[in-house]
Colleague: 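Handing you a structure now.
First the proteins, then the strands, lettered A, B, ... as listed; each starts at 1. Source: prediction; values computed, not measured.
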2 protein chains.
Amino acid sequence: MAMSSRSGADLALLLLGSYRNLVDEVVRELATRGYPDARPSHEYAIRAIRAGADSASDLARRLAITKQAAAKTIAALVERGYVTTETDPADIRRKNIRITDHGIGLITEGTAIFDEVRARWEGRLGAAELVELETQLAQFVGDSPINLDAPGWAAGQELR
Amino acid sequence: MAMSSRSGADLALLLLGSYRNLVDEVVRELATRGYPDARPSHEYAIRAIRAGADSASDLARRLAITKQAAAKTIAALVERGYVTTETDPADIRRKNIRITDHGIGLITEGTAIFDEVRARWEGRLGAAELVELETQLAQFVGDSPINLDAPGWAAGQELR
DNA sequence: AGTGTTGGTCAACCTGGTTGTCTATGTCAA
DNA sequence: TTGACATAGACAACCAGGTTGACCAACACT
């Protein structure tokens, strides 16, 4: 019996479930590779920093969160040794963020694992099908205020 | 130029972005229809209650969260008038949950809106394509501890 | 009875955000 | 040069939606 049309609520749960499944796997694997306390938000933040957000306010704008939230995130990153901060000599107010080797390691491994999991899915669906799926999802995301480059909305507690 | 293979991290963001897009729309629309303070978790919880979880411990098991968390959720539902509780005459410890008309209204409208949004997506993708997408997502979710019927993991702060 | 299980509650904590307020510094224009 | 405004950051309090841990009261079973 072709199950045909599911409910909209189920669709939502499918989307979120897939996301969490993917991300949980990445976090788990990251833990076994020497980053036991890494959270998805750390990855996103470090990526944003690497992409040019070199101060708290900058990061806040990039992630589309408040600067207070950005400051907290940075504090967490410093605590874990993923970044360091030092006062900008040219502007005493600013604290420039620099990613440590450990931080680089995190996003390098993170990216690799993300891609590994994606490859696994690709193996199951077929390359063309996965690309199509991504294209379709991009359509859903496209017509919205949501900005893939500013995944501040990606927060929540994604792992338990 | 066919953009072909995206990164695994992007895939994750696409999934989450689609979810939030869908859910945000539902919450927004719900607000305009007389449920301004409804949160996704409320909907999930009321659904679970309607499906038979008539006590806090029950709800906890069903949602796969702690009973304390379930109790908090129920308190929020009572506060908003979506459910009422009364002590079970047959077992003084239990507090039976009953969904109010307002609560029924919430999930009725919620379901309708979810389906409307899904229908909109269907209109864009085509019916067959959407079903295929759902089937593919179900595959990703299927091989995991994630249980669509126990969306406790769906929490996080899904809306900003 | 006595022992163990179950339902619920209190309290403290965590994460990742939010507002609101404040100071210190920088910038720019009159 | 000064005075107005913008910006960087920090502090404090709060919120949602979870978590642990400790507990008590009520039920169930032998």
Side-chain angles (χ1 to χ4, degrees), chain A residues 16 20 23-24 27 37-46 48-49 53-80 83 85-97 150-160, chain B residues 16 20 23-24 27 37-46 48-49 53-80 83 85-97 150-160:
Chain A
L16 183 56
R20 303 217 27 159
V23 163
D24 284 5
V27 171
D37 54 0
R39 318 246 337 114
S41 64
H42 299 159
E43 262 219 61
Y44 298 140
I46 298 180
I49 294 166
D54 66 325
S55 76
S57 297
D58 249 39
L59 182 61
R61 278 187 289 268
R62 191 129 200 162
L63 255 30
I65 59 180
T66 58
K67 54 183 182 172
Q68 293 91 327
K72 281 192 193 179
T73 301
I74 293 169
L77 294 179
V78 170
E79 215 172 89
R80 290 166 171 79
V83 305
T85 59
E86 53 186 271
T87 318
D88 185 336
D91 182 345
I92 308 293
R93 296 172 306 170
R94 291 180 74 90
K95 291 197 171 177
N96 289 331
I97 311 172
W153 45 270
Q157 53 233 28
E158 289 134 21
L159 184 64
R160 283 233 300 284
Chain B
L16 183 56
R20 303 217 29 159
V23 163
D24 284 5
V27 171
D37 55 0
R39 317 247 340 115
S41 63
H42 299 160
E43 262 219 60
Y44 297 139
I46 299 181
I49 293 167
D54 67 324
S55 77
S57 297
D58 250 38
L59 183 60
R61 278 187 289 268
R62 191 130 202 162
L63 255 29
I65 58 180
T66 58
K67 56 183 182 174
Q68 293 92 324
K72 281 192 193 178
T73 301
I74 293 170
L77 294 178
V78 170
E79 216 173 88
R80 289 166 171 80
V83 305
T85 59
E86 53 186 270
T87 321
D88 186 336
D91 181 345
I92 309 293
R93 295 172 307 171
R94 290 180 74 89
K95 292 198 170 176
N96 289 330
I97 311 172
W153 43 271
Q157 53 233 27
E158 290 135 20
L159 185 64
R160 284 237 298 287

Colleague: Counting any heavy atom closer than 4.0 Å, what does A:A69 reach on the DNA or RNA strands: base, sugar-phosphate only, or nothing?
Modeller: base
Colleague: What N/O pairs connect the protein and nucleotides 23-30 of chain D at under 3.5 Å? Give each pair on its own line.
Modeller:
from: D:dA26; atom 1: N3; to: B:R93; atom 2: NH1; distance (Å): 3.2
from: D:dC27; atom 1: OP1; to: B:I92; atom 2: N; distance (Å): 2.7

Colleague: Is any side-chain N or O of A:S57 closer than 4.0 Å to OP1 or OP2 of D:dT7?
Modeller: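 Answer is no, no contact under 4.0 Å.
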Colleague: Using side chain to side chain contact (heavy atoms under 4.5 Å, CB included) as the criterion, list what pairs up with B:D58, not counting sequence neighbours.
Modeller: B:A53, B:D54, B:S55, B:R61, B:R94
Colleague: Could you tell me the separation between the CD1 atom of A:I74 and the P atom of D:dA8, rounded to a whole number of Å?
Modeller: 12 Å
Colleague: Choosing from D:dG9, C:dG7, C:dT9, which nucleotide comes nearest the side chain of B:A71?
Modeller: C:dT9
Colleague: Send over the distance from A:R20 CZ to D:dG17 P, rounded to a whole Å.
Modeller: 14 Å
Colleague: Rounding to a whole Å, what distance do you find between B:I65:CD1 and C:dG8:P?
Modeller: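 The distance from CD1 of B:I65 to P of C:dG8 comes to 13 Å, rounded to the nearest Å.
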Colleague: Looking only at heavy atoms, what is the nearest atom pair of B:A38 and B:V27, with distance?
Modeller: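 Closest approach of B:A38 to B:V27, heavy atoms only: O-CG1, 3.9 Å.
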Colleague: In whole Å, I'd like the distance from the CZ atom of A:R94 to the P atom of D:dA6.
Modeller: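 Value for this atom pair: 18 Å.
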Colleague: Does a side-chain N or O of A:R39 approach OP1 or OP2 of C:dT15 to a distance below 4.0 Å, or not?
Modeller: no
Colleague: Pick base, sugar-phosphate or nothing for A:T66, based on heavy-atom distances below 4.0 Å to the nucleic acid.
Modeller: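 Base: the residue A:T66, judged by heavy atoms under 4.0 Å, touches a nucleobase.
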Colleague: Between A:A56 and A:I97, which heavy-atom pair has the shortest distance, and what is it?
Modeller: N-CD1, 4.2 Å
Colleague: Does D:dG18 have OP1 or OP2 sitting under 4.0 Å from an N or O in the side chain of B:T73?
Modeller: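 For D:dG18, OP1/OP2 do have a side-chain N/O of B:T73 under 4.0 Å.
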Colleague: Hey, is the side chain of A:S41 poking within less than 4.0 Å of OP1 or OP2 on C:dG16, counting only N and O atoms?
Modeller: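 Yes, A:S41 has a side-chain N/O under 4.0 Å of OP1/OP2 on C:dG16.
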Colleague: Can you pull out how bent the helix from C:dA1-D:dT30 to C:dA30-D:dT1 is, comparing the axes over its first five and last five pairs, to 10°?
Modeller: 10°
Colleague: Whole Å only: how far is the CD atom of A:E43 from the C1' atom of C:dT15?
Modeller: 17 Å
Colleague: State, to 0.1 Å, how close B:V23 and B:Y44 come at their nearest heavy-atom pair, and which atoms those are.
Modeller: CG2-OH, 4.5 Å
Colleague: First locate atom CD1 of A:I49, then atom CZ of A:R62, and finally report the distance between them rounded to the nearest 0.5 Å.
Modeller: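 Rounded to the nearest 0.5 Å, the CD1-CZ separation comes to 10.5 Å.
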Colleague: Testing the basics here: between A:L59 and A:A45, what is the closest heavy-atom pair and its distance to 0.1 Å?
Modeller: CD1-O, 3.9 Å
Colleague: With no angle test and no hydrogens, is the base of C:dG16 tied to the side chain of A:Q68 by a donor-acceptor pair under 3.5 Å?
Modeller: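 By the distance-only test, no, there is no pair.
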Colleague: Side chains of A:R80 and A:H42: does their closest heavy-atom pair fall under 4.5 Å?
Modeller: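 Yes; the side chains approach each other to less than 4.5 Å.
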Colleague: Between A:I92 and A:T87, what is the shortest heavy-atom contact and its length?
Modeller: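 The answer is O-CG2, 3.1 Å.
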Colleague: Expressed as a whole number of angstroms, how long is the span from B:R80:CZ to D:dG17:C1'?
Modeller: 12 Å
Colleague: With distance as the sole criterion, do the side chain of B:K72 and the base of D:dG18 form a donor-acceptor contact below 3.5 Å?
Modeller: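 Per atom types, the contact qualifies.
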Colleague: Can you give me every donor-acceptor pair (side chain of residues 65-79 of chain A, partner residue at least two apart or in another chain, under 3.5 Å) with its distance?
Modeller:
from: A:T66; atom 1: OG1; to: A:A69; atom 2: N; distance (Å): 3.2
from: A:T73; atom 1: OG1; to: A:A69; atom 2: O; distance (Å): 3.1

Colleague: Rounded to whole Å, please give me the gap between CZ in A:R61 and C1' in D:dT7.
Modeller: 8 Å
Colleague: Would you mind reading off the distance between B:E86 atom CD and C:dG7 atom P, rounded to a whole angstrom?
Modeller: 18 Å
